[in-house]
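Reminder, nothing fancy here: chain letters follow the sequence lines and each chain counts from 1. The structure presented is a predicted model; accordingly, all values stated were derived computationally and were not measured.
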Amino acid sequence: MPELPEKPSLDGLEQKWSQRWERDQTFAFDRNKTREQIFSIDTPPPTVSGSLHMGSVFGYAQTDAIARYQRMRGMELFYPMGWDDNGLPTERRVQNFYGVRCDPSIPYDPDAPLPKGDGKGEQRPISRQAFIELCHKLTAEDERAFEELWRTLGLSVDWQLTYATIDDRSRLVAQRMFLRNLARGEAYATDAPTLWDVDFQSAVAQAELEDREQQAAYHRISFHGPNGPIFIETTRPELIPSCVALVANPDDARYQPLFGTTVRTPLFDVEVPVHPHALADPEKGSGIAMICTFGDTTDVTWWRELDLPVRTVIQRDGRFQVPQPDWLATGPWEELAGKTAKQAQKRIVELLAESGDLHGEPRPITHPVKFFEKGDRPLEIVTSRQWYIRNGGRDPELRAALLERGAQLRWHPPFMKVRYDHWVGGLNGDWLISRQRFFGVPIPVWYRIDEHGTVLHDEPLVPDEMRLPIDPSSDTPEGFEESQRGQPGGFVGDPDVMDTWATSSLSPQIATGWIDDPELFDKTFPMNLRPQGPEIIRTWLFSSIVRSHFEHDALPWSDTNINGWVLDPDRKKMSKSIGNVVTPMPLLEEFGADGIRYWACRGAPGTDTAADKGVMKVGRRLAIKVLNVSKFVLGLGAEEGAEITEPIDRAMLVQLNAMLGEATAAWEDFDYTRALDRIETFFWRFCDDYVELVKGRAYGDGPGAASAKATLATTLSTLQRALAPFLAFVAEEVWSWWQDGSIHRASWPEPVAIEGDPIVFDVAADAIAQIRKVKTEAKVSLRTPVERATITDTPERVAALRQAASDVREAGAITELLVDEGEPGVDIVLAAPVS
RNA sequence: GGGCGCUUAGCUCAGCUGGUCAGAGCGCCUCCCUUACAAGGAGGAUGCCGGGGGUUCGAGUCCCUCAGCGCCCACCA
């Protein structure tokens, strides 16, 4: 007889078992297993910037359920955890947390005291090195807090297998892969107009853009043609100094006479040509537009295709340059110099009104404007030298190959693939990976400086692969001395870092030891599963496929599971700005990890799910029921081994087999939601009906007792294991009462070898339900004896019920049970109430 | 402007290939201290399955269309 607790409880199970799992290394990866035995998961490295929210908990709990199922069905799990501590979110958090900002011109002083963490007031400038040290310090603290939360939630990752996207291995992999891409021509640098955030002062990539609806106004402005004014409508009159041409549709009869002629800009009187171009929309504004360098991405297209000059006036800080541009011989430049775009617009509109070139009142509109997704001001476009990786945006063959990769991937749910197809199909340029920031993986190249002091960007100096990772701002290229840095005839390091996606797109290679552990890599790559959120299909998922396609000519994983969005209880999207974000820790404390895991696993892949406490409560109750029924069944002396003789016991096991078949099939399709539904429903039927029906027989020492005990034991064992991927803690607890070893290393239940008529259980359950109903309606205790119960039903059901008559009689406290064929019905005569 | 998803009892959701598919849980109402569980248990009420058209002998289930919500995308004149 196993030792059972007097009063089982969920309290403390998280701590108890997470410590035990750590002590026993229950989830340690065994690298001696063969490739076929290993299931590898490309865990999303959460952004280490602040706190985890319910959306993270949601996705990670689902993945963990999948991991635990795979482990039980015999797979060895390669289940690492990464931290994405690289990049802008960390920089921003450090700035706010410590009240500092990075100023690379300040020399590093290793003895300088660390700033206090109040983050109030003016941001104090510190050196780049000191800034990076603070990034490491802060992320280390966050990572500890994150790990604590994940352990409480019960993620069965192998905590030996952690990585961070800024650590040595990640930098090594990112730089090595970059150099491979460079050598094969997949990475290149070029001077080009680039979307630019004036606050962060960094280029941003297409994948980091978002459109925001903004208030603006059409200003009707006259250009001066030889035969009178030409009216254009623009939302950005301040860019008139940048105007390089006008453009109209080639079919637009109104403007055809102007093509090939020139007009003069208002205020500055600069001569600009008028060109036809198909992209000009006759319906928009006045049908003729000014091309500026650069007001928007259409300007870039026109500029490139019409071969126009560059006349930039907005600097990288978003302000108009101070020196008067040489193409502006006349005009009120001093009125605009040094102003922000917004200030300049205000002034130039006044000037246009004074000169008579503004016609009518500005007409307010709202229109979409491109922003950096983490930025606060509209993006400008500046020309700068940047690094790119080819992604099919400018190459139809590569694009087709990457679309084919997407088709090879198994998507859960399948409809998410459409997002990938649309994104890849709609790319309009290569992937910009360089960032003018500090806390990231440096671009690992240098440039020669010729004897005149000119930097030779076209011939980057690359390090030997064996030297990686390097930092070109402190490491020296082969054949040079550090003293030659920045000198004529010397060298200079590339100042940029890679975008964080350029590193995290390599999470499969980082996690599996692509460079430093080839044996592990062979066994774990390509990986089995990439779980992630839908919003980063265009970034993380796509860029991972790009990198793997180039280097390995393969997908990085066979399957991807895209989780849904977590909505607040009112079905609104949770967001920090609305202030309706629910934090996980209080909920974990209120409902237990199993309650939260249950809630998460009720959310189907790709389906938005409300953070509903009601569902978490149901999960908690389920966990409590597992405790109680396990205690009771084991207390009855449940024991496997005896022959299953009773028809109702056989019926129970036949139904158990059927449920198990459905649940297992669902699991094999990553459909954890359906698996949970089937298992949970069956579990309650087992508790409410089967246990009630047979407990009397099991208590006794009659001939059927052993059969009941064996059936109870088999079913309990099966259900405990079937629930273990979801209710990881309580399943482990009840398993420990009567079994050796962790339930999470036990085998996924197999169907029992048994035959029988499943109806026997159904009719018996129906019969006691009827009897319970009569008693409840008579408002008497369920213990009230039944003097006589007459049950009539179809011949088939009557025959089945007769096989379970003794259990029904005992469970219903029935003195005389009559079963006959006839119209389905019951007639119950209750015993006189005991007064 | 385009795409994808969702819309089923007050709430959260199942309903997979059209024919016991009108369901579950929560909440609500009634009852029961039954020696596994009162942080229980038993029973009950509740829905023109978003609107409108089709297809079919038959439609939450397929087609068209409209509406609302969410997400993703879109060249900002």
| message | Taking 4.0 Å as the cut-off, does a side-chain nitrogen or oxygen of A:Lys613 come that near to OP1 or OP2 on B:rU12? | response | no
| Shortest side-chain distance from A:Asp612, nucleotide among B:rC75, B:rU12, B:rG70 | B:rU12
| Does A:Lys773 put a side-chain nitrogen or oxygen below 4.0 Å from OP1 or OP2 of B:rA42? | no
| query | At under 4.0 Å, does any side-chain N or O of A:Asn628 touch on OP1 or OP2 of B:rG40? | reply | no
| field | B:rC66 to B:rG1 separation - P atoms, rounded to the nearest Å | value | 12 Å
| Which residues share a side-chain contact (heavy atoms from CB on, under 4.5 Å) with A:Pro414, sequence neighbours left out | none
| task | Give none if B:rG43 has no partner; otherwise give the nucleotide forming a Watson-Crick or G-U wobble pair with it, both distances under 3.5 Å. | result | B:rC29
| said: Pick the closest RNA chain B nucleotide for A:His367 and for A:Lys7 by heavy atoms, then say which residue is nearer the 5' end. | reply: A:Lys7
| query | Would a distance-only check, ignoring hydrogens and angles, find a side-chain to backbone donor-acceptor pair under 3.5 Å from A:Arg220 to A:Ile232? | reply | no
| query | Which word best sums up how the rings of A:His277 and A:Trp302 line up, parallel for under 30°, tilted for 30 to 60°, or perpendicular for over 60°? | reply | perpendicular
| Atom-to-atom span, CD1 of A:Ile381 to P of B:rC75 - whole angstrom | 11 Å
| Where the side chain of A:Asp296 is defined as all heavy atoms beyond and including C-beta, which of B:rA74, B:rC72, B:rC76 is the nearest nucleotide? | B:rC76
| Using the benzene-type ring in the case of Trp, are the ring centres of A:Trp599 and A:Phe58 under 6.0 Å apart? | yes
| Tell me: OH of A:Tyr420 to P of B:rC73, nearest whole Å? | 15 Å
| message | Classify the ring geometry of A:Trp667 against A:Phe726: parallel below 30°, tilted from 30° to 60°, perpendicular beyond 60°. | response | parallel
| query | Mind telling me whether B:rG40 is syn or anti, cutoff 90° either side of 0? | reply | anti
| task | State, yes or no, whether a side-chain contact exists between A:Pro241 and A:Arg311 at a heavy-atom distance under 4.5 Å. | result | no
| Close approaches to RNA chain B from residues 667-681 of chain A, in residue order (heavy atom, under 4.0 Å) | A:Arg674
| Residues in salt bridge (Lys or Arg N to Asp or Glu O under 4.0 Å) contact with A:Glu589, at least two apart in sequence or another chain | none
| query | Ring centroid separation for A:Trp411 and A:Tyr420, is it under 6.0 angstrom? | reply | yes
| said: Once you measure the plane-to-plane angle for A:Phe686 and A:Tyr690, does it fall in the parallel (<30°), tilted (30-60°) or perpendicular (>60°) bin? | reply: parallel
| A:Phe259 ring center near A:His275 ring center (under 6.0 Å) | no
| request: Indicate, with a heavy-atom threshold strictly under 4.0 Å, whether A:Lys417 touches base, sugar-phosphate, or nothing. | output: nothing
| query | Does A:Arg772 come within less than 4.0 Å of A:Asp689, counting only side-chain N to carboxylate O? | reply | yes
| task | Please measure how far the P atom in B:rG70 lies from the corresponding atom in B:rU8, and state the result in whole Å. | result | 15 Å
| message | Tell me whether A:Arg620 forms a cation-pi arrangement with A:Phe591, defined as NZ or CZ under 6.0 Å from the six-membered ring centre and within 45 degrees of its axis. | response | no
| said: Could you tell me if the side chain of A:Gln62 sits less than 4.5 Å from the side chain of A:Tyr672, heavy atoms only? | reply: yes
| field | Test: A:Glu590 and A:Lys613 ion pair at under 4.0 Å | value | yes
| task | Rounded to whole angstrom, note down the P distance from B:rU12 over to B:rG3. | result | 28 Å
| said: Check this for me, if you would: do A:Asp766 and A:Arg797 make a salt bridge, where the nitrogen-to-carboxylate-oxygen distance has to be below 4.0 angstrom? | reply: yes
| Rounded to the Å, how far apart are A:Met616 CE and B:rC13 P? | 11 Å
What N/O pairs connect the protein and nucleotides 26-35 of chain B at under 3.5 Å? Give each pair on its own line.
residue	atom	partner	partner atom	Å
B:rG27	OP1	A:Lys617	NZ	3.1
B:rU34	OP1	A:Arg783	NH2	3.1

| P gap between B:rA14 and B:rG52, integer Å | 24 Å
| query | Between B:rG43 atom P and A:Ile828 atom CD1, what is the distance in whole Å? | reply | 13 Å
| message | Between B:rG51 and B:rA67, how many Å separate the two P atoms, rounded to a whole number? | response | 15 Å
| At under 4.0 Å between heavy atoms, what does A:Asp299 touch on the DNA or RNA strands: base, sugar-phosphate, or nothing? | nothing
| query | With both distances under 3.5 Å as the test, what is the Watson-Crick or G-U wobble partner of B:rC71? | reply | B:rG3
| note | Walking RNA chain B from its 5' end, the first of A:Ile768 and A:Arg538 to be reached, judged by nearest nucleotide, is A:Ile768
| Nearest-angstrom distance, P atom, B:rC62 to B:rG18 | 8 Å
| field | Backbone of A:Pro237 reached by a side-chain donor or acceptor of A:His219 within 3.5 Å | value | no
| task | Assign A:Ala280 to base, sugar-phosphate, or nothing according to its heavy-atom contacts below 4.0 angstrom with the strands shown. | result | base
With the criterion being N/O to N/O and under 3.5 Å, what pairs connect the protein with nucleotides 2-4 of chain B, and how long is each?
residue	atom	partner	partner atom	Å
B:rG3	O2'	A:His422	ND1	3.4

| field | Protein-nucleotide distance (A:Tyr598, atom OH; B:rA14, atom P), rounded to Å | value | 12 Å
| query | Rounded to the nearest Å, what distance is computed from the CD1 atom of residue A:Ile562 to the C1' atom of nucleotide B:rC72? | reply | 12 Å
| said: Could you check whether A:Lys709 pairs with A:Glu639 (Lys NZ or Arg NE/NH1/NH2 to Asp/Glu carboxylate O, under 4.0 Å)? | reply: no
What does the list of N/O pairs under 3.5 Å between the protein and nucleotides 61-63 of chain B look like, with a distance for each?
none

| request: Compare side-chain N and O positions of A:Gln206 against OP1 and OP2 of B:rC73 and report whether any pair is under 4.0 Å apart. | output: no
| field | Atom P, compared across B:rG60 and B:rU20: separation rounded to whole Å | value | 10 Å
| task | Any strand is fair game: report the nucleotide pairing with B:rC62 by Watson-Crick or G-U wobble, both distances under 3.5 Å, or none. | result | B:rG54
| query | When all nucleic acid strands are considered with a 4.0 Å heavy-atom cut-off, which category describes A:Pro368: base, sugar-phosphate, or nothing? | reply | base
| task | Rounded to the nearest angstrom, tell me the gap between atom CZ in A:Arg685 and atom P in B:rA24. | result | 13 Å
| Any strand: nucleotide that pairs with B:rA14 via Watson-Crick or wobble, under 3.5 Å | none
| said: If I pick the P atom on B:rA38 and the same atom on B:rU34, what distance separates them, to the nearest angstrom? | reply: 12 Å
| task | Please work out if A:Thr301 contacts a base, only the sugar-phosphate, or nothing of the nucleic acid, heavy-atom cut-off 4.0 Å. | result | nothing
| message | Rounding to an integer number of Å, can you tell me how far A:Asp211 CG sits from B:rC71 C1'? | response | 15 Å
